[in-house]
Amino acid sequence: MNTLATKYDPKAVESKWYEYWEQHDLFKSVPDEREPYTIVIPPPNVTGVLHMGHMLNNTIQDILIRHARMEGKNALWVPGTDHASIATEAKVVKRLAEQGIRKRDLTREQFLEHAWAWTHEHGGIILQQLRKLGASCDWSRTAFTMDEKRSQSVLRVFVDLYDKGYIYRGLRMVNWDPKAQTALSNEEVIYHDEKSKLYYLKYYVNGLTTLEAEAELREQGNVIHRDDKGYYAVVATTRPETIMGDTAMCVNPKDPKNQWLRGRQVIVPLVNRVINVIEDHYVDIEFGTGCLKVTPAHDPNDYMLGKTHNLESIDIFNPDGSISTESPLYVGMDRMECRKVIAADLQQAGLMEKVEDYENKVGYSERNPDTAVEPRLCKQWYLKMKHFAEIALPPVMNDELKFFPPKYKNIYKVWMEGIQDWCISRQLWWGHRIPAYFLPTENPDDEVFVVALTEEEALAKARQIKGYENIQPDELKRDENALDTWFSSWLWPISLFDGINNPGNEEIKYYYPTSDLVTAPDIIFFWVARMVMAGYEYIGEMPFRNVYFTGIVRDKLGRKMSKSLGNSPDPLMLIDKYGADGVRMGMMLSAPAGNDILFDEALCEQGRNFNNKIWNAFRLVKGWEVADIEQPEHSRLAVQWFHAVLDNTLTEIKDLFSKFRLNEALMAVYRLFWEEFSAWYLEIVKPAYQQPIDAKTMDATLYFFDTLLRLLHPFMPFITEELWQHIAERNDGESIMYARIPEPGQPDTALLSAMTQAKEIVGGVRNVRKSKNLPNREELALQVVGEFSNPLAPIIVKTAGLSGIECVDTKDATAAAFLVGTTEFAVPLGNNINVEEEIAKLEADLKYAQGFLATVEKKLSNERFVANAPEAVVAAERKKQADAQSKIATLTEAIAALRR
RNA sequence: GGGUGCUUAGCUCAGCUGGUUUAGAGCGCAUCCUUGACAGGGAUGAGGUCACCUGUUCGAAUCAGGUAGCACCCACCA
């Protein structure tokens with residue numbers, strides 16, 4: 001009869017429909033009179049490939065977009081990619097190295113040519129992969145953070161912020177990435193606990209052969225070291241390789257252990273440089289020996305000490321982390337190598353007192369995770385952040401701009417309140433080149449520069465500076481540095497609608513503020529916080545109304561997915577295996593809002609199985625022939641009941657969507673389809689084998705199926721589109737994408753509770769059937785002891801396989817009994833009954849009921865409960881008591897009857 | 001060193017402002033079911049002293065305080 005395969009095959013279906021959607025421009029949005037619903041994609045790295053984090057993130061965005069579209073909103077999802085300055089440049093450098101080309105041998109222009117070639121070669125692969133997932137982005141708007149419009153926006157904003165006085169150049173200790181050879185922002189440093197060593201080094205006191213009153217000094221608490229070479233101080237350090245940069249030793253003036261060192265000089269081991277012992281309260285008396293070596297060029301704290309005490313600064317590192325010619329020793333050696341070698345040399349020379357195991361935090365470069373960040377003194381461009389924190393904090397705290405889950409509000413607040421200026425310059429070529437132009441000066445340490453959008457403007461500005469009235473274009477030297485990638489990303493919700501270059505244009509007015517932002521929490525500071533800042537600064541309004549933070553995708557053991565662990569499945573392989581709909585569902589089933597998600601491939605299998613269930617339900621319905629026959633009573637009731645269920649679930653789903661509880665919304669639809677629709681509704685209305693169905697029931701069933709497909713579509717776009725074409729009338733170019741999800745009506749709660757009771761009765765009968773090993777096809781009689789009325793009785797008769805329901809005063813002596821509520825039901829079994837078994841079963845029920853009654857009566861016998869609890873609560877307890885008593889009576893009677 | 005969040009069936013999680021029969025779901029598990037949508041399926045069922053302690057209350061998984069474990073964020077202690 002059915003020509004359709006018993007298994008759903010997503011492969012052909014998915015590519016067919018994606019093409020159809022694209023061909024008919026169904027993802028496209030232009031401003032109109034409808035309410036807009038906008039999402040801007042967190043732009044993935046242009047040369048990246050899809051990983052599980054993207055899958056999760058983009059599945060969620062697509063669900064939200066499709067849902068909004070089906071609510072009748074003008075839904076726009078803008079796609080794009082990020083130039084990912086440091087990451088992409090690193091990849092290009094690596095590829096060039098493989099070809100034997102060194103970056104430093106290339107000019108900026110040559111390097112950029114290679115970078116663009118790489119971008120064009122690999123760029124956009126990830127956007128193709130998103131299509132496989134079903135992402136309904138308006139591809140005609142695909143943007144790139146370094147395309148013409150976005151670049152213009154970035155430069156304009158830089159110039160504007162400079163003119164407003166927010167951007168400045170500063171000489172600071174920055175976080176330096178020796179591999180990428182660039183400065184980083186604080187946020188780009190990731191700290192890890194590390195097992196390292198604490199080296200205790202001997203710094204001999206210069207020219208001290210005899211210490212006067214040594215005994216007395218010891219008496220006062222001084223810790224004095226001495227060996228055959230003389231007196232020495234002990235300094236504890238984790239970084240012995242920096243001793244070549246030592247220019248002082250520091251003690252706390254209040255430290256009783258080190259009083260004897262005050263005002264003296266010590267000799268740096270191996271280096272033999274004589275340095276002063278300085279005093280500062282900064283030094284922790286408790287740590288190590290209380291003696292601190294001071295290396296102003298290589299530690300932020302030492303830098304501060306150097307400033308206050310006017311110390312010399314010796315920079316012993318080259319930008320790549322090797323030892324520079326400023327050092328008397330180890331020139332050219334890598335810093336990590338040098339640490340090992342110098343430790344051995346110190347040991348050898350008898351200059352090492354001891355070595356201890358130690359655990360400390362070491363900062364690593366976010367983009368070069370194996371490279372420890374080196375503090376380095378250099379001049380960089382900074383953005384003052386105080387003003388931006390002031391405009392971006394309140395709207396989040398007062399929930400104008402909502403975070404889901406809200407726990408991120410606090411994290412956001414703490415960061416904003418302790419905000420530091422943002423280092424925005426990077427010593428990279430791949431990125432937006434800083435629009436600053438330096439003018440020639442007498443002294444190379446002096447800086448005179450102008451900031452301007454174009455060279456012409458720069459020249460004009462330069463000529464207004466006293467002494468440069470006649471400066472020529474070729475005398476202007478543009479800054480070589482690029483901007484931090486996030487300096488372009490923070491404009492994304494604005495720049496996508498060209499709101500910087502073309503303020504107040506129709507698109508920015510219509511689509512901004514965007515509706516929801518879906519992103520991972522690890523970029524809350526990098527990106528989310530800064531977009532809020534830019535939004536208020538440039539549009540005067542929030543960039544998005546809600547931020548939904550996804551969790552981190554982990555494997556089912558809770559480990560982060562990583563290449564080295566090999567626990568990260570390839571998303572495209574998964575799609576190939578389970579279909580995009582199955583994978584989307586697998587992602588969503590494991591993604592409770594805000595928690596990390598433990599991804600298990602078995603969930604994709606569950607998703608695939610669900611597709612199959614939908615497919616086969618469709619096969620069933622499609623196989624029915626409609627005939628001009630009367631609608632059976634059970635079908636009429638089933639239709640009524642399913643309307644009520646639908647109203648109920650629609651309300652629930654609407655609420656869940658508003659709270660971003662998408663996995664619960666999906667579970668609600670899942671159960672609606674599988675339990676209520678397939679297991680109950682279809683089983684009730686299903687005609688007998690090869691019998692036709694009446695038109696009324698068929699129409700209702702198709703309507704229900706249509707509605708269910710609509711509810712499922714945001715989660716599983718492909719299979720729903722495939723089936724919708726058969727279920728609903730439609731013309732070419734139309735799509736379920738634009739079908740409306742119905743507004744929920746008021747559910748008929750009386751009918752719903754009647755069905756709940758009906759299901760329990762049916763369950764009771766089936767239980768009897770199973771325990772007595774009665775065949776499913778054999779019709780059974782059902783007796784009800786006493787009064788019984790349930791409007792859905794015909795449904796009970798059909799689904800329990802009954803010959804009828806009969807009210808009796810006394811049930812058959814040989815019947816298997818069960819209770820639903822306080823009513824006793826019985827299935828007469830003739831000789832089939834095992835009296836002992838029946839009694840045992842009823843006694844178990846009785847015991848439960850008695851236990852329950854005891855708890856209720858305990859409550860009711862508590863005078864204070866009766867006196868203090870609200871009347872309704874007391875009444876409810878009385879009802880429970882009465883019900884339990886009646887149950888006990890029924891059970892006692894039933895057991896007695898069996899015993900007779 | 002500070003801060004935030006979490007701890008409920010074997011697993012992953014719901015349980016909103018205390019009272020919805022002595023706590024729910026999905027998966028998994030057990031038992032039974034071969035023709036008639038679907039074994040990627042159907043039916044039935046077993047599984048929990050709500051991390052621990054002490055309070056508040058007539059009443060606590062739910063509120064408060066504390067303990068333990070886990071996770072994350074922040075911080076310049078060598």
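In what follows, chains are A, B, ... by sequence order, proteins preceding strands, each numbered from 1.
Per the geometry, CZ belonging to A:Arg769 stands 11 Å off C1' belonging to B:A43, to the nearest Å.
In this structure, A:Lys407 does not reach the B:C6 phosphate: none of its side-chain N or O atoms is under 4.0 Å from OP1 or OP2. Between B:A37 and A:Lys686, a contact under 4.0 Å exists linking OP1 or OP2 to a side-chain N or O. Between B:G45 and A:Asn767, a contact under 4.0 Å exists linking OP1 or OP2 to a side-chain N or O. At B:C32, none of the side-chain N or O atoms of A:Asn773 fall inside 4.0 Å of OP1 or OP2 (strictly under the cut-off). Regarding contacts with the backbone of B:G42, a side-chain N or O of A:Trp674 is found under 4.0 angstrom from either OP1 or OP2.
If you check every strand for non-hydrogen atoms under 4.0 Å, A:Ala884 touches nothing. Within 4.0 Å of A:Glu683, counting heavy atoms only, lies at least one base atom of the nucleic acid. Looking at heavy-atom distances under 4.0 Å, A:Ser771 makes no contact with the nucleic acid at all. Contacts of A:Gly851 with the nucleic acid, taken as non-hydrogen atoms under 4.0 Å apart, include base atoms. A:Arg608 comes within contact range of at least one nucleobase, with a heavy-atom separation under 4.0 Å. Within 4.0 Å of A:Pro375, counting heavy atoms only, lies no atom of the nucleic acid at all. Here A:Arg239 lies out of heavy-atom contact (under 4.0 Å) with every strand.
Applying the 3.5 Å distance criterion, the base of B:C32 shares no donor-acceptor pair with the side chain of A:Lys770. No N or O donor and acceptor, one from the side chain of A:Glu675 and one from the base of B:A25, sit under 3.5 Å apart.
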Please tabulate, one pair per line, each protein N/O and nucleotide N/O from nucleotides 15-17 of chain B that are separated by under 3.5 Å, including the distance.
| residue | atom | partner | partner atom | Å |
| --- | --- | --- | --- | --- |
| B:G15 | OP1 | A:Arg661 | NH1 | 3.2 |
| B:G15 | OP1 | A:Arg661 | NH2 | 2.8 |

List every contact pair, protein side and nucleotides 72-77 of chain B side both N or O, where the distance is under 3.5 Å.
| residue | atom | partner | partner atom | Å |
| --- | --- | --- | --- | --- |
| B:A75 | N6 | A:Lys361 | NZ | 3.4 |
| B:C76 | O2' | A:Asn301 | ND2 | 2.9 |
| B:C76 | N1 | A:Asn301 | OD1 | 3.2 |
| B:C76 | O2 | A:Asn301 | OD1 | 2.4 |
| B:C76 | O2 | A:Asn301 | ND2 | 3.3 |
| B:C77 | O2 | A:Asp284 | OD2 | 3.3 |
| B:C77 | N3 | A:Asp284 | OD2 | 2.3 |
| B:C77 | N4 | A:Asp284 | OD2 | 3.2 |

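Comparing B:A37, B:A78, B:G40 by their closest approach to the side chain of A:Asn616 singles out B:A37. Ranking B:C32, B:G26, B:A37 by closeness to the A:Leu682 side chain, first place goes to B:A37. When distances run from any side-chain atom of A:Phe865 to the nucleotides B:G5, B:C58, B:A78, the shortest one goes to B:C58. Checked against B:C27, B:A25, B:G40, the side chain of A:Asn609 finds its nearest nucleotide in B:G40. The listed nucleotides are B:C38, B:G40, B:C58; the one nearest the side chain of A:Thr6 is B:C38.
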**OP:** Determine, stepwise, if the pair A:Met588 / A:Leu662 fulfils side-chain contact (heavy atoms from CB on, under 4.5 Å).
**Re:** CA-CA 7 Å; A:Met588 291 318 294; A:Leu662 304 184; 3.6 Å; yes
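Looking at heavy atoms from C-beta onward, A:Ile614 lies in side-chain contact with A:Leu723 at the 4.5 angstrom threshold.
Between A:Lys887 and A:Leu292, the residue anchored nearer the 5' end of RNA chain B, judged by the nucleotide with its closest heavy atom, is A:Lys887. Mapping A:Arg864 and A:Ala849 onto RNA chain B by nearest heavy atom places A:Ala849 at the nucleotide closer to the 5' end.
For the pair A:Lys197 and A:Tyr358, the cation-pi criterion (under 6.0 Å, within 45° of the ring axis) is not fulfilled.
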Original post:
For RNA chain B, what string of dots and brackets results from 5' to 3' when Watson-Crick and G-U pairs need both distances under 3.5 Å, crossing pairs get [ ], and pairs with another strand get |?
Top reply: (((((((..((((.....[....)))).(((((.......))))).....(((((..]....))))))))))))....
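With P as the reference atom, B:G10 and B:C33 are 28 Å apart, rounded to whole Å.
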